[in-house]
Amino acid sequence: MKKAIKWIWLTLAIFFFPVLTTYASPNTSEERADEEQKIGEIASKNEVIYANLQSGGNLKGVYVVNSFELTKPGIIDDYGDYTEIKNLTDTSAIEQDNNNVRINAETDNFFYQGNLEEKKELPWQFTIDYYIVGKEVNPDDIPGMTGDVEITIDVKQNKDVAATFFENYMLQISVPLNTDYFQDIKAEDATIANAGKNKQISFTMMPDEEKKFSIEATTDQFEIDGIEIAALPPSMAVDAPDTDELTEEFQSLTDAIGEIDNGVGELRDGMDGLASGLHQLEDGSAQYKNGMDELNGSSSQLTDASSQINDALATVQEEVEKASGITALEELEDLDLAVSEMISGLEELADGMDQFGSNYEKANQALQDAMKQIPEPSITETDIAALYESDADQEVIEELVATYQAAQTVKGAYDAASEAFGSVGPSLHTFSESTREAANYLRALTAGLEESISQIDVDESVNQLITGVEEMATNYNQFHEGLIAYTNGVNELATSYQGIHDGIGESADGADRLTDGAGELRNGTTQLHDATSNIPEEMQEEIDSMLSQYDKSDFEPISFVSEKNNELTDSVQFVIRTDSLKQEQETETADDAPEEKEGFFEKLKNLFR
């Protein structure tokens, strides 16, 4: 028995001797000095942050896998507040002194894991809620449930963490749903892809955003693997779109608004001229109206005087017809006196007509000058339609258009009646001249009578006189009837012109209001033009600002673990995963467990028992 044991110990010594020799030989002082001088050179460092979440989104733990690319292997330093460190490259030890980590990297690529303390938080806060048939369910209770299900994922910024990662990192959220358990899957704003039996529900959240996502489905047995969330800077190449055509269209719009503004300015100036012209027209119309009123007021005097002359001629006619012989001569002397009075009346009538004609001409000229102040129609239907389509006050536009049309109507009515107005003056002049001719005729008649009253045959002269007086009386009666008709026309004209004058006054007042309204409209279009004139530049700036949210080409990565690593850190990525939600499987009993096979060392130890 002792001999067998001896051979066993000999066999073990032969087997383990090379290994023991290798690990037992101590380094010389020269070798340790060489190691101290062997300092590595780091080309870049990458951090992958792994975070585990509870099913509801609460953070459970965080660890970091640090990878180094070295241009020269050797001793390197890293920094981090780690509670535990694991070498993932080889079996060499890693030294840790508080936050300083010293590594002897013998390869060009070196990896190690560092577990962070519990107080280290993520840049995002996740809240995941589960609902069955509209009722919120605790995540621990939901596995195995059936019915209509909704999963909501609410992502917000963690204000207690520096905003660098939140503002510059994009999130990719993936939820795997097994089609054996879930049907009628709906997820707004998500990409749904097939991955074997799973439907992969993917949401993308851009940097500097807070969002809430929702998934709806029907389940006959709720069971899902963990939700995976990846966070990294956007690597997409964002090329600025060609906005020249769009900005040119906006420039055309602003130019058109500018033209409208200029057009409204011209309209305001035109309305100002229209208002000024209407006020001058109102003044001229007032003079014309006063002249018409004076003319109408003197018409009764003219007709009364003419009636007296007409009655006098009738009396003369009667008396002349009675006259004969010496008696006729005596009566002719009385006739001479009556005719003299009639001549005086005709001359007064002629003077009154001259004065009336002069007043009328002045009033008509004032009216004509005022009408000329109304501008010719230059505003087209297109201009009016453009005003209606603008943002100006529609009531102001309605009154503006109505006053403009009323002014043009007055001008058109005057132009149509201007010939009739112009004929009144000459008619008054002709009437005055006719009256004076009648007076001159009577004066010549009486002069002839006085000169030849003693030389003529009385009966023959009386007969001629009777004939002449009868003719004159008949003609003057017709003249008197025409004068009455004329004065009636003047009265009708004076009465009806009051309405025209009132309309001109209202148009002038309306033009004043419209000028004010056009001024306000111009102020509005000017403000609109000022507000829109920079639209192309502002639009380009807004596009550039929107693109800058996604273009992170100028982002300089920083270390998530320690700012002392910033200079060497080339990239930082986050891989976040929640717990799975599955029904617990029945565990095997100790009796049912398969017997473990004995390993070499176990067998070896058993030899010494």
Side-chain angles (χ1 to χ4, degrees), residues 42-54 57-70 76-89 94-103 105 109-127 153 155-174 204-211 226-235 549-578:
I42 302 173
S44 66
K45 176 195 175 184
N46 300 301
E47 296 177 359
V48 180
I49 316 301
Y50 292 91
N52 295 320
L53 305 180
Q54 296 177 355
N58 292 330
L59 183 64
K60 291 175 61 179
V62 181
Y63 67 93
V64 183
V65 173
N66 298 284
S67 64
F68 298 88
E69 294 182 10
L70 291 87
I76 58 176
D77 288 322
D78 194 33
Y79 302 90
D81 190 10
Y82 298 118
T83 59
E84 183 181 355
I85 292 175
K86 294 180 182 179
N87 188 335
L88 302 178
T89 304
I94 300 177
E95 299 178 6
Q96 183 180 11
D97 183 9
N98 293 325
N99 290 337
N100 179 247
V101 179
R102 174 157 288 190
I103 305 163
N109 294 285
F110 189 86
F111 301 84
Y112 84 92
Q113 174 182 328
N115 297 340
L116 294 172
E117 57 184 4
E118 293 182 0
K119 67 180 180 180
K120 188 67 173 180
E121 298 185 26
L122 295 175
W124 304 271
Q125 291 179 332
F126 301 93
T127 303
I153 305 171
V155 185
K156 294 185 179 297
Q157 178 185 7
N158 188 344
K159 306 287 187 178
D160 296 330
V161 178
T164 303
F165 296 102
F166 176 78
E167 293 174 350
N168 293 280
Y169 274 51
M170 177 177 69
L171 294 185
Q172 182 79 27
I173 303 172
S174 299
T204 300
M205 195 168 80
M206 300 308 294
D208 204 18
E209 284 187 343
E210 294 182 337
K211 275 193 174 182
I227 298 172
E228 296 181 353
I229 304 170
L232 68 166
S235 59
Q549 298 179 18
Y550 308 107
D551 183 8
K552 302 300 179 181
S553 58
D554 58 348
F555 171 64
E556 294 290 339
I558 63 172
S559 172
F560 178 71
V561 180
S562 172
E563 62 182 12
K564 295 181 180 180
N565 301 328
N566 287 348
E567 184 175 351
L568 294 174
T569 300
D570 187 60
S571 70
V572 177
Q573 300 180 29
F574 293 82
V575 177
I576 306 167
R577 182 181 175 90
T578 68

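The two residues E47 and N66 come nearest to each other via the heavy atoms CG-OD1, 3.5 Å. Across all their heavy atoms, Q573 and L232 have their closest contact at CG-CB, 4.4 Å. Of all the heavy atoms in L59 and A51, the pair that sits closest is CD1-CB, 4.1 Å. Minimum heavy-atom separation, T164 to N168: O-ND2, 2.8 Å. G80 and V561 make their closest contact through CA-CG1, 3.2 Å (heavy atoms, listed as atom of the first residue, atom of the second, distance). Taking both residues in full, the closest heavy atoms of P207 and E167 are given as CB-O, 3.2 Å, listed atom of the first, atom of the second, then distance.
A side-chain donor-acceptor contact under 3.5 Å links N565 to the backbone of Y79. Not one N or O on the side chain of Y82 forms a donor-acceptor pair closer than 3.5 Å with the backbone of V64.
S571 and N46 are linked by a side-chain donor-acceptor pair at a separation below 3.5 angstrom, with hydrogens and angles left out of the test.
With sequence neighbours excluded, the residues that form a side chain to side chain donor-acceptor pair (under 3.5 Å) with D77 are R102.
For the atom pair CZ of F110 and OG1 of T89, the computed distance is 4.5 Å after rounding to the nearest 0.5 Å. One distance of note links CG of N58 with OG1 of T127; it measures 7.5 Å at 0.5 Å rounding. For the atom pair K159 NZ and Q125 CD, the distance stands at 9.5 Å (nearest 0.5 Å). Atom CG in L70 sits 5.0 Å away from atom CD1 in I76 (nearest 0.5 Å). If you take OG on S559 and CG on D570, they are separated by 12.5 Å, rounding to the nearest 0.5 Å. Rounded to the nearest 0.5 angstrom, I173 CD1 and E228 CD are separated by 12.0 Å.
I49 has its side chain within reach of V572: a pair of non-hydrogen atoms, C-beta onward, lies under 4.5 Å apart. V575 places none of its side-chain heavy atoms less than 4.5 Å from the side chain of R577. Considering only heavy atoms from C-beta on, T569 stays 4.5 Å or farther from F560 through its side chain. Residues P557 and P233 have side chains not in contact (no heavy-atom distance under 4.5 Å, counting atoms from C-beta outward).
The 12-atom threshold is not exceeded at CD of E563, counting heavy atoms of other residues, nucleotides or ligands nearer than 6.0 Å.
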For F165 and L122, what are the C-alpha separation, side-chain angles and deciding distance, and is it a side chain to side chain contact (heavy atoms under 4.5 Å, CB included)? CA-CA 9 Å; F165 296 102; L122 295 175; over 6 Å; no

Stepwise side chain to side chain contact (heavy atoms under 4.5 Å, CB included) test for E210 and F166: CA-CA 9 Å; E210 294 182 337; F166 176 78; 3.8 Å; yes

Audit row: V101, E95, side chain to side chain contact (heavy atoms under 4.5 Å, CB included) steps and yes/no: CA-CA 6 Å; V101 179; E95 299 178 6; over 6 Å; no

Please assess Y63 against V65 for the test side chain to side chain contact (heavy atoms under 4.5 Å, CB included), listing each intermediate value before the final yes or no. CA-CA 7 Å; Y63 67 93; V65 173; 4.1 Å; yes

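Ring pair W124/F126 is tilted by interplanar angle, where 30° to 60° counts as tilted.
Applying the side-chain hydrogen bond (donor to acceptor under 3.5 Å, both in side chains) test between T204 and each of Q172, K211, E209 identifies Q172 as the sole match.
Of the charged side-chain nitrogens involved, none lies within less than 4.0 Å of a carboxylate oxygen, so that D81 and K120 do not count as a salt-bridged pair.
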